[in-house]
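First comes the structure, then the notes that go with it.
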There are 2 protein chains.
Amino acid sequence: MAASNTKKTRDADATRARILAAAKKDFATSGLAGARVDEIADRAEANKRMIYHYFGNKDDLFRIVLEEAYTDIRTAEHNLELEHLPAREALEKLIRFTWDYYLKNPEFITLVNSENLHKARHLKNSEKVDELFKRFVGMVGELLERGVTEGVFRTGIDPVQLNITIAAIGYYYLTNRFTGSIVFKRDLMTPEALEERLAFNIETIMRLVCVDP
Amino acid sequence: MAASNTKKTRDADATRARILAAAKKDFATSGLAGARVDEIADRAEANKRMIYHYFGNKDDLFRIVLEEAYTDIRTAEHNLELEHLPAREALEKLIRFTWDYYLKNPEFITLVNSENLHKARHLKNSEKVDELFKRFVGMVGELLERGVTEGVFRTGIDPVQLNITIAAIGYYYLTNRFTGSIVFKRDLMTPEALEERLAFNIETIMRLVCVDP
DNA sequence: CACATAACGCACTAACTGGTTACTTCCCTA
DNA sequence: TAGGGAAGTAACCAGTTAGTGCGTTATGTG
């Protein structure tokens, strides 16, 4: 499973990008401790020396992969432009987006899990993530306020708690899909199971937030 | 941080138990790949050779630690004796229990995360976990039915989906407490924050399940 | 063209890591 | 009380791992 064979001669940006993509893949698959620098270099079709040249060391590489992952999801979220929809529709769109993003980008979940295993020590040194989230929490807060004004949402809901819950009900299902499929004795990843779960999640949040669910 | 100094001369059971406790701690802290067999032996105040004598290899040791963790939580759950309470109270007790258990046993969460990173390959070889969960899902199913009979719960709720959601809203908050505290710019682990989260979770589930929340 | 600069690669190392070999020490019971 | 088996130990091993020293090669610019 190597990077696309567009390896030209001497292209610093391309090499850097290939290393990042390879690192994302390996860190997501094996965790920080389990991932191997040599394998990342192989997958990137780059020399291991280049990893240290561009990224310093394994931990810094991990930090940058993580920052990129957070930037990606927050950018996609921003592009939803929820502010142009009625509050109820906007909320449902956010729930669907969160679910779909986790589903299509499973590496995001495992990267975040890895970072939490390490008590977020990489994120602590990151300035980038800081500003990303300011906008995001604000967005959901405004959405809630708008819903109250429209008369469709209950008052007094904490946007952070709501955010966490919307993420939780999708994240948990997907991150624990392997043990979950065993202990609950059903394949949690069939198209039908996924559809059913999304519907359940939408209902959960709508009943929590809406005046008249 | 060594095991309690009750190390007598020649006690196979005690040595085995010390190794298991040490392994649980280290696997929970560092993950499967990150944990070191030598360190587990040190922490257990046992010789490394004993680990291989009693448990075979690192992966088998991890599997047994995991089985023990699942047995512990399911046993505690069983001891709740929810069947002796009115359905509504029983449900709230289950939500509180789940939250408190995760809070007091953070290693459970990290062990399960590790196992899922490895696609549950250890659990696949476990017969023990199989029967543990049969009882559990049945218990929640009966609780839901009883609530419907009592006229307090809505009909048609899937016990597995409910189970997953109850776990999810606590699990996600706690497993991601490090990154969460950074991105949301508030300490998620103060007593007030924890209390607030539990209240929010109870409200979420009650609104989802109850006819008249 | 010349040449400085940056991209790239080889081969190496010191420390580590899961697992083992060969041995000693203790306890139980015949 | 003798001796057999289980508990426990130290030293070791072969393979792995993150990280580097240093030389080579391409490329853009004066």
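Please read all numbers here as calculations on a predicted model, not as lab measurements. Lettering follows sequence order; numbering is per chain, from 1.
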_B:Phe97 CZ to B:Tyr102 OH distance, which is reported to the nearest 0.5 Å_ = 9.0 Å
*asked:* With rounding to the nearest 0.5 angstrom, report the CG to CD distance, B:Leu208 to B:Glu203.
replied: 12.0 Å
_Just to be sure I understand the rule, does B:Phe55 reach a base, reach only the sugar-phosphate, or reach nothing, if contact means heavy atoms closer than 4.0 Å?_
nothing
*Would you say the base of D:dT25 and the side-chain of A:Arg10 have a donor-acceptor pair closer than 3.5 Å?*
yes
_Using OP1 and OP2 only, check whether a side-chain N or O of A:His53 sits under 4.0 Å from C:dA6._
no
*Using only heavy-atom distances, determine whether the side chains of B:Thr179 and A:Glu115 contain a donor-acceptor pair under 3.5 Å.*
no
*List the protein contact pattern of nucleotides 14-19 of chain D with one symbol per nucleotide (5' to 3'): B for base contact, S for sugar-phosphate-only contact, - for none; contact means a heavy-atom distance under 4.0 Å.*
---SBB
_In this structure, how many angstroms lie between the P atom of C:dC23 and the CG atom of B:Asn47, rounded?_
16 Å
*What is the distance, rounded to the nearest whole Å, between atom CG of B:Asp11 and atom C1' of C:dC28?*
15 Å
_Under the rule for salt bridge (Lys or Arg N to Asp or Glu O under 4.0 Å), what residues qualify as partners of A:Lys124, not counting sequence neighbours?_
none
*Is it true that B:Arg186 and A:Asp158 have a side-chain N and a carboxylate O under 4.0 angstrom from each other?*
yes
*Protein-nucleotide distance (A:Asp13, atom CG; D:dT27, atom C1'), rounded to Å*: 15 Å
*asked:* So if I apply the salt bridge (charged side-chain N to carboxylate O under 4.0 Å, His left out) rule between A:Asp38 and each of A:Lys58, A:Lys48, A:Arg43, which one comes out positive?
replied: A:Lys48
_Gap between atoms CZ and C1', on A:Arg16 and C:dA6 respectively (whole Å)_ = 15 Å
*asked:* Side-chain N or O of A:Thr15 versus OP1/OP2 of C:dC8: is the shortest distance under 4.0 Å?
replied: yes
*Distance only, no hydrogens: is a donor on one side chain within 3.5 Å (strictly under) of an acceptor on the other, for A:Tyr171 and A:Asn176?*
no
*asked:* Between D:dG21 and A:Arg49, counting only base atoms on the nucleotide and side-chain atoms on the residue, is there a donor-acceptor pair under 3.5 Å?
replied: yes
*In whole angstroms, how far is the P atom of D:dT25 from the CE atom of A:Met50?*
15 Å
*Rounded to whole angstroms, how far apart are CD1 on A:Ile51 and C1' on D:dT20?*
14 Å
